[in-house]
Amino acid sequence: MALIALAADKGAPGVTTTAVALAALWPRRVLLAEADPAGGDLVYRSVGANGRPLDPSTGILSLAATARRGIAAEQLWDHSQRVAGGLDVIIGLASSDQSGGLTGQWGALGRAFAELAQSPHQEAAADVLADLGRLDAHSPAQALLPHAALLLLVTRGQPENLAHVRDRAAALHNKLHGQQRGTSHLGQPRIGVLLVAEPQHGAKIAAQVNEMLIASQSGARVVGLIAEDTAGAEQLAGRRRGRLDKSLLVRSARKVVTDVHQTYGADLNPVRPPVPQQQPGAQAAAYAPPPSYGQPGAGA
């Protein structure tokens, strides 16, 4: 289990929609975190598992306040909410105006996200999928990246978008891994690209993008294709009825999840530390989350 970050270089290619789709289909326990400094969307798109609106005061902002005093990874669940359908989420900022409250805290959040995957408490351990929004050179969310196992850059298939994502992947590689070249020498996070495209043209575009990425020596590769499916995105957001499981969006996301685990499985399975043995009579100091934390809700 690990921290997987999703981000865009430019525009609005659908990072949040992609993150929700992947999290909903993730084969292991997962927590979706909106870590976009510009603000999150889930508080407006989703309702709680009880049918009521989500609480905007419980999420990344309340988590950042806790992180100033130090945070155990398992405490992430204290700032999560369960949405209708059973997905556990940490909702994002209401707007970019609140990002000042996270100054200096992004790295600590990234560390907690990564450590949750290695929690010795089985009922609390989970992968974290973090939606970082637009990841330009000045985004404070870049501080999360050294703690991630995988960074997925989401982009549309227009030529200008592909050129931007190629350059961003190369820049991020140089920043995170120095001047090392070639995939065999890459550390973490590994960098992948997700293309949002019409299925009939996706394979051709993916081949062209891979050629661009190889030529740039960034070590990044196309991981998969997310179908450009407006109807499916509206169903996922609860704004439209229909068989979501039959939508192009969900079918393509299911394949991406499979491909990610096949390609990066070793990177997503860090060794979990052993459970510390307590001395007789010693008080338990470990955090003990309630049994329901991290468990899929009814109807997930």
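Fair warning: this is a prediction, and the values are worked out from it, not measured in the lab.
Ile4 CD1 to Leu32 CG: the interatomic distance, rounded to the nearest 0.5 Å, is 11.0 Å. Taking CZ from Arg251 and CD1 from Ile226, the interatomic distance works out to 13.0 Å, rounded to the nearest 0.5 Å. Taken to the nearest 0.5 Å, the CG atom of Asp127 stands 7.0 Å off from the CG atom of Leu129. Once rounded to the nearest 0.5 Å, the distance linking CG of Leu61 with CD of Gln105 reads 11.0 Å. Atom CG of Leu76 sits about 9.5 Å away from atom CD of Glu115, to the nearest 0.5 Å. The CG atom of Leu42 lies 11.5 Å from the CD1 atom of Ile90; values are rounded to the nearest 0.5 Å.
The closest side-chain heavy-atom distance from Ile60 to Glu34 is not below 4.5 Å. Residues Pro120 and Glu74 have side chains in contact (heavy-atom distance under 4.5 Å, counting atoms from C-beta outward). Side-chain contact check for Leu145 versus Leu135: some heavy-atom pair is nearer than 4.5 Å. A heavy-atom distance below 4.5 Å is not found between the side chains of Arg134 and Val15. Side-chain atoms of Leu25 and Val250, non-hydrogen and from C-beta on, do get closer than 4.5 Å to each other. Residues Leu213 and Val193 are in side-chain contact: their nearest non-hydrogen atoms beyond the backbone lie under 4.5 Å apart. Put simply, the side chain of Leu54 reaches to within 4.5 Å of the side chain of Ser46, judged on heavy atoms. Side-chain atoms of Leu22 and Val256, non-hydrogen and from C-beta on, do get closer than 4.5 Å to each other.
For the pair Trp106 and Ala143, the tightest heavy-atom approach, listed with the atom from each and the gap, is CB-CB, 3.8 Å. Closest approach of Pro13 and Val196 over heavy atoms only: O-CG2, 3.6 Å. A pairwise comparison of heavy atoms in Leu102 and Gln98 identifies CD1-O, 4.0 Å as the closest pair. Of all heavy-atom pairs spanning Pro199 and Leu248, the tightest one is CG-CD1, 4.3 Å. For the residue pair Ala2 and Ala117, the shortest heavy atom distance occurs at N-CB, 3.4 Å. Heavy-atom minimum distance, Ile71 versus Ala112: CG2-CB, 4.2 Å.
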Can you check side chain to side chain contact (heavy atoms under 4.5 Å, CB included) on Leu195 and Val209, steps first, answer last? CA-CA 9 Å; Leu195 291 177; Val209 176; 4.1 Å; yes
Kindly indicate, with the supporting measurements, whether the criterion side chain to side chain contact (heavy atoms under 4.5 Å, CB included) is fulfilled by Leu31 and Phe113. CA-CA 9 Å; Leu31 177 62; Phe113 291 159; 5.7 Å; no
Does the pair Asp88 and Ser80 meet the rule for a side chain to side chain donor-acceptor pair (under 3.5 Å), with working shown? CA-CA 6 Å; Asp88 292 304; Ser80 70; 4.9 Å; no
Take Gln142 and Lys175 through the side chain to side chain contact (heavy atoms under 4.5 Å, CB included) test and state the conclusion after the steps. CA-CA 10 Å; Gln142 286 202 36; Lys175 181 174 182 176; 2.8 Å; yes
From CA spacing to verdict: side chain to side chain contact (heavy atoms under 4.5 Å, CB included), Val128, Val30: CA-CA 6 Å; Val128 176; Val30 68; over 6 Å; no
Identify all side-chain donor-acceptor contacts of residues 231-242 below 3.5 Å with residues at least two apart in sequence or on another chain.
none

Contacts table for residues 146-164: side-chain donor-acceptor under 3.5 angstrom, sequence neighbours left out:
residue: His147; atom: NE2; partner: Gly107; partner atom: O; Å: 3.3
residue: Arg156; atom: NH1; partner: Glu228; partner atom: OE2; Å: 3.1

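In this structure, the salt bridge (Lys or Arg N to Asp or Glu O under 4.0 Å) partners of Arg45, at least two apart in sequence or on a different chain, are Asp41.
Note on Val20: it clusters hydrophobically with Tyr44, by side-chain heavy-atom contacts below 4.5 Å among ILVMFWY residues.
Put simply, the side chain of Thr258 gets close to the backbone of Arg254: a donor and an acceptor are under 3.5 Å apart. A donor-acceptor contact shorter than 3.5 Å links the side chain of Thr103 to the backbone of Gly100. No side-chain donor-acceptor contact under 3.5 Å links Ser139 to the backbone of Asp136. Between the Ser96 side chain and the Ala38 main chain, no donor and acceptor come within less than 3.5 Å of each other.
Evaluation of the salt bridge (Lys or Arg N to Asp or Glu O under 4.0 Å) test over residues 6-18, restricted to residues two or more places apart or in two chains, returns Asp9-Arg168. Contacts classified as side-chain hydrogen bond (donor to acceptor under 3.5 Å, both in side chains) and involving residues 54-64 (residues at least two apart or in different chains) are given here: Asp55-Ser57, Asp55-Thr58, Ser62-His79. Screening residues 194-218 for salt bridge (Lys or Arg N to Asp or Glu O under 4.0 Å), with sequence neighbours left out, gives no hits.
Residues Trp77 and His121 place their aromatic rings such that the two centres sit no closer than 6.0 Å.
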